[in-house]
Protein chains: 2
Amino acid sequence: MELDALDRAIVGALVEDARSTYAEIGHQIGLSAPAVKRRIDRLLSSGAITGFTARVEPSALGWTTEAYVELFCRGKTSPAEIGLAVSRHPEVISACTITGEADALLHIRAKDVRHVEQVIERVAAEPFVIRTKSAIVLSRLIDTPHARDAMPQSS
Amino acid sequence: MELDALDRAIVGALVEDARSTYAEIGHQIGLSAPAVKRRIDRLLSSGAITGFTARVEPSALGWTTEAYVELFCRGKTSPAEIGLAVSRHPEVISACTITGEADALLHIRAKDVRHVEQVIERVAAEPFVIRTKSAIVLSRLIDTPHARDAMPQSS
DNA sequence: AATGAAACTTAATTATT
DNA sequence: AATAATTAAGTTTCATT
């Protein structure tokens with residue numbers, strides 16, 4: 001699906017505040033409320049926007065510690081197998097397979113360092129895991145879900 | 001601030017769908033719409049919820065490639081200095097200082113591998129960066145902003 | 001094909017108990 | 001906190017370009 005400048009402006013407005021009204025967004029970009037609604041409905045059905053969520057302050061909810069854990073896996077472990085296994089651990093908030101020595105990289109969020117340690121132990125107990133290599137987050141500098149600029153040009 | 005079970009249920013409902021109505025949330029948890037609104041207002045002013053955002057499909061917007069980049073920095077480089085520098089690169093969507101050999105870990109999102117390479121070159125050109133070590137994401141298995149379970153108990 | 005204006009429906013918000 | 005009353009927004013329809 002092709003997004004024009006207005007679509008990208010709407011996406012930007014919704015990323016900033018998913019609860020803005022159609023009229024507010026329309027005023028920003030020079031469109032009427034119904035026109036904005038129609039475009040948002042289209043962005044939703046096309047899959048460009050997948051939903052709306054609350055930004056929560058993890059520390060306010062008691063999740064104070066983050067870590068990144070590299071996974072080194074047995075010979076022919078499939079990405080699907082890793083995904084299935086790590087999705088059983090709710091503290092894993094992000095996981096991907098990567099190039100390089102390690103096979104996968106997990107991002108985990110836990111209550112404290114003790115809790116992080118327990119999660120790593122549980123993950124390391126998965127049968128396909130040979131070893132892990134962890135780094136605790138000392139201070140977070142940036143945390144945005146998406147790139148912080150204009151969408152790419154149609155060039 | 002203390003969050004009770006109802007607050008945590010409200011946060012959960014808003015994380016799932018930030019555009020649900022107060023009445024919908026109230027029905028799920030057994031509260032009237034005005035009561036839900038009062039609690040959400042309180043969660044916002046206390047900072048437990050920091051805002052509402054759209055979940056966008058990066059690939060739909062042309063951002064198809066992700067990488068993680070470890071930064072090895074000169075002796076006494078402060079976290080603030082790293083944060084300031086990397087925030088100038090909009091493709092850096094997450095950054096933190098970490099324990100271990102590397103000083104910082106960046107998560108970048110770009111249009112393609114060529115674009116990733118350009119960003120790494122730009123970051124590596126920062127005066128405090130000695131060297132970098134990158135891993136390209138092959139396949140994403142999990143991507144959630146928060147832990148996928150109930151909030152921690154007050155225990 | 002997409003928009004804006006108006007009509008209509010539903011939700012947000014305030015006041016009251 | 002719930003109910004009721006009011007205000008504002010969401011949504012549909014329709015005429016227009």
For the pair made of CG in A:Leu31 and P in D:dT11, what is the distance, rounded to whole Å? 16 Å
Rounded distance in Å - NE2 (A:His27) to P (C:dT3): 18 Å
Salt bridge present between B:Asp4 and B:Arg8 (N-O < 4.0 angstrom): no
Hey, is the side chain of B:Lys37 poking within less than 4.0 Å of OP1 or OP2 on C:dA12, counting only N and O atoms? no
Give the rounded distance in Å between these two atoms: CD of A:Glu2 and C1' of C:dA2. 17 Å
Does B:Thr21 reach a base, just sugar-phosphate, or nothing at all? Heavy atoms under 4.0 Å. sugar-phosphate
Short side-chain N/O contact from B:Tyr22 to OP1 or OP2 of C:dT13, under 4.0 Å: yes
Whole-Å distance, A:Leu44 CG to D:dG10 P, equals 14 Å
5′-ward residue of the pair A:Arg19/A:Ala33 relative to DNA chain C: A:Ala33
Whichever of A:Glu24 and A:Pro34 has the more 5' nearest nucleotide on DNA chain D, that residue is A:Glu24
Parallel, tilted or perpendicular: ring planes of A:His115 versus A:Trp63, cut at 30 and 60 degrees: tilted
Mind calculating the distance between CD1 (B:Ile40) and P (D:dA1) to the nearest angstrom? 12 Å
Interatomic distance, A:Asp41 CG vs D:dT12 C1' [rounded to whole Å]: 12 Å
CA sep, side-chain torsions, deciding dist, call: A:Arg122, A:Glu91, salt bridge (charged side-chain N to carboxylate O under 4.0 Å, His left out): CA-CA 11 Å; A:Arg122 276 194 273 126; A:Glu91 297 89 348; 2.9 Å; yes
Expressed in angstrom and rounded to an integer, what is the separation of A:Leu6 atom CG from C:dG4 atom C1'? 14 Å
Side-chain donor or acceptor of A:Thr132 paired with backbone N/O of A:Leu71 under 3.5 Å: no
By nearest atom, which of the nucleotides D:dT3, D:dA1, C:dT3 is closest to the A:Arg39 side chain? C:dT3
From CG of A:Asp7 over to C1' of C:dT3, roughly how many Å is that when rounded to an integer? 14 Å
In terms of side-chain geometry, is the basic nitrogen of A:Arg55 or A:Asp17 positioned less than 4.0 Å from the acidic oxygen of its partner? no
D:dT12 OP1/OP2 closer than 4.0 Å to side-chain N/O of A:Arg38: no
